[in-house]
Amino acid sequence: MSFIQDLFMAPSVTQSIVLLTMVVCVGLWAGEHLRIKSFSLGITWILFVGILLSSLGVTIDPTVASFAKNFGLILFVYSIGLQMGPSFAPLGKSGLLLNILAAVIVLLGCACTIGLHYLTGVDMATMAGIMSGAVMNTPSLGAVQQAAADIYGSVSPDIAMGYAVAYPLSIVGLILSFEIIRICFRVNLRTEDERLRIENASDDEPICVDICLAIEQDMTLRQLHDLCPVHPMLVSRVTRHNGTDELVTPDTVFHPQDVIRIISDKRHEAQLNVLGKVTHYGFRGRERSAHLISRRVVVTRTECNGKRLSSFDIRHRYHATITRVNRAGVELLATPDLVLQLGDRIMVVGDRDDVRHVADIFGNELKRLDLPNLMPIFFGIFLGVLIGSVPVAIPGLSQPFKLGLAGGSLIVALLIGRFGPYYNMVTFATTSANMMLRQVGLTLFLAAVGLSVGDTFVPTIMDGGYMWILYGFAITMIPLVLVGCIAYKGMGINYFKVIGMLTGAMTGAPALGYAQSLSNNNDQASVTYATVYPLTMFLRVMAGQLLVVFFCS
């Protein structure tokens, strides 16, 4: 039976794999079954199971633990960035405000750290380590240790201890801040989801809707655009006064009592009234033509990836019209300069045979999308780690700044997801594949962190470190609750955006799963997380170094 003892207790690669998978399994089971009413820590249980096991004397090979922790975090943030890249807009109408609020959370956290330093007498290097754990930022811990080593010539173990004891409750604190805001202001998640839909409908990005307009005078398509220069706008078909439907071409002439179908933004209704009377939206009010059909076609041919719609010349070659493109759940108007991406779902209108020919051009073979595109994933991770490791000299700092493994990977993933198709890079991954990659990365990260810090967790607490836990909890909670309440109640920001901003401001990848579980009907928490994460990562790493440099030099 000695082999069983070696399998669980003797540090090795095999033992590390056994422990990691066992911790993940037990943690996932606990997340499913251990609840207080409807509240559960969910996937975060993996971290606490790892801490418990490590506290009982079970150790894991440090090299394997470090690899699992870092590579898991890279997989997690990279999959988020790759999915959010196509719709990523950090400086849009609300993105700038969310980044400002996240920066305020960072500054308040530094203020709390400085205040506790003076109140308690704990040296700033240790307090900076506590702050790194309180905000769940491992790159910040590394920066603090490096800065302390440059000043003192060695690294005090108290820095890592402070990080270790503050980290677990930081996750609880972040999740607790969600619940405090929800309970204090009686947030109804369904109401917030509906409010989010209304807000998205009034954002700067156009919302594609079908508008039926009754023409009141003779005019050509060119004259229609001259009289009402709404942009973007696409006229897809016309229903003549005798009830027949026709596709619109550049030579089409409209007559009084004709009803044209326009794809545009509903907010343009007042401008469209100069052409005639808006009768209704969508396909209500008239039966569809017997010979014209609308069909969703999926772009599955890699040859189409990165090409503009105008290059296919669909309207002239096949007498069909592409009206809308659905990309990651977002409806885009099919303008000629729109660049297609693999996985786009395009709406085609035309005769049945013409639509079939168009479908053949774009592929429309869903099985092709099941094949994983591994090249952009591994290339992006390679590039992200490379960029995250590049030292950048900052005036006034003794050590150069680095984005870190996670920060570099997220930024590269966002850029590849957003601009990759413009350079013929296939970045599409099915939702299930992306979620699998994301969850595998997150579970590995949590299990490795728990197994790594558990052996020092209890001794540090018994030796007076329990006060460090309270300090870290204060650094976590005060900025989150204060800014979260102001953002939701004072500024009227949607609850899902608020929790996404709080998670991103804390670089709280472990708690993002819980934030996503609250917003089952939308991805707003993940979108907001990705929006504020890059700036926050930069500020978190800078803050830790600056505190040590200014207070310990």
Side-chain angles (χ1 to χ4, degrees), residues 6-31 41-82 132-133 136-142 145 160 163-164 167-168 170-171 374 377-378 380-382 384-386 388-389 402-410 412-413 433-457 507-513 537:
D6 292 340
L7 191 62
F8 286 93
M9 302 301 295
S12 65
V13 174
T14 302
Q15 179 247 17
S16 299
I17 295 174
V18 170
L19 289 180
L20 286 170
T21 52
M22 183 176 67
V23 168
V24 169
C25 289
V26 176
L28 291 176
W29 179 90
L41 290 177
I43 199 172
T44 312
W45 270 111
I46 295 174
L47 176 68
F48 296 109
V49 172
I51 291 176
L52 176 62
L53 201 62
S54 184
S55 299
L56 295 176
V58 179
T59 59
I60 186 174
D61 184 271
T63 303
V64 177
S66 177
F67 171 79
K69 179 173 63 178
N70 287 293
F71 191 64
L73 185 58
I74 288 171
L75 288 178
F76 180 75
V77 299
Y78 188 84
S79 61
I80 290 177
L82 203 60
S132 298
M136 293 176 273
N137 197 291
T138 305
S140 175
L141 172 65
Q145 289 177 318
Y163 171 88
Y167 190 100
S170 67
I171 301 175
L374 299 179
I377 295 176
F378 285 98
I381 291 176
F382 160 75
V385 172
L386 194 65
S389 303
K402 295 181 182 180
L403 285 172
L405 301 179
S409 298
L410 177 63
V412 169
N434 185 280
M435 288 300 298
M436 173 64 75
L437 192 67
R438 185 184 307 184
Q439 293 298 92
V440 167
L442 182 56
T443 53
L444 280 177
F445 173 78
L446 291 172
V449 170
L451 289 168
S452 299
V453 305
D455 57 337
T456 61
F457 189 71
T507 60
L512 183 56
M537 176 61 72

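Side-chain atoms are counted along with the backbone in the values below, which use heavy atoms only and exclude waters and symmetry mates.
The shortest non-hydrogen separation linking G380 to V412 is O-CG1, 3.5 Å. Nearest heavy atom pair, residue A65 against residue A448, reads O-CB, 3.5 Å. Considering every non-hydrogen atom in both V23 and G50, the closest pair reads CG1-N, 3.7 Å.
Counting only residues at least two apart or on different chains, the side chain to side chain donor-acceptor pair (under 3.5 Å) pairs with a member in residues 22-31 are W29-H33. Residue pairs meeting the side chain to side chain donor-acceptor pair (under 3.5 Å) criterion with at least one member in residues 440-451, sequence neighbours excluded, do not occur.
The CD1 atom of I17 sits 9.5 Å away from the CD1 atom of I60 when rounded to the nearest 0.5 Å. The distance from the CZ atom of F71 to the OH atom of Y78 is 11.5 Å, given to the nearest 0.5 Å. Of the inter-residue distances, the one linking D61 atom CG with L451 atom CG reads 12.0 Å to the nearest 0.5 angstrom. Rounding to the nearest 0.5 Å gives a distance of 7.0 Å between CD of Q439 and CZ of F76. Remark: L52 CG to S55 OG distance equals 6.5 Å, nearest 0.5 Å. Put simply, CG on L444 and OG1 on T21 are 9.5 Å apart, with the number rounded to the nearest 0.5 Å.
Listed for the S170 side chain is a donor-acceptor partner under 3.5 Å among the backbone atoms of G133. A donor-acceptor pair is defined here as one N or O able to donate and one able to accept, closer than 3.5 Å; such a pair exists between the side chain of S79 and the backbone of L75.
Classification of the F48-W45 ring pair by plane angle, with boundaries at 30° and 60°, yields perpendicular.
By the neighbour-count criterion of 12 heavy atoms within 6.0 Å, atom CE of M435 is densely surrounded, having more than that number from other residues, nucleotides or ligands.
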Subject >> side chain to side chain contact (heavy atoms under 4.5 Å, CB included) between L20 and V24, intermediate numbers included >> reply: CA-CA 6 Å; L20 286 170; V24 169; 5.5 Å; no

Original post:
Where do V26 and L53 land on the side chain to side chain contact (heavy atoms under 4.5 Å, CB included) test, with the steps shown first?
Top reply: CA-CA 11 Å; V26 176; L53 201 62; over 6 Å; no

Subject >> Working for side chain to side chain contact (heavy atoms under 4.5 Å, CB included), residues L19 and M22 >> reply: CA-CA 5 Å; L19 289 180; M22 183 176 67; 4.0 Å; yes

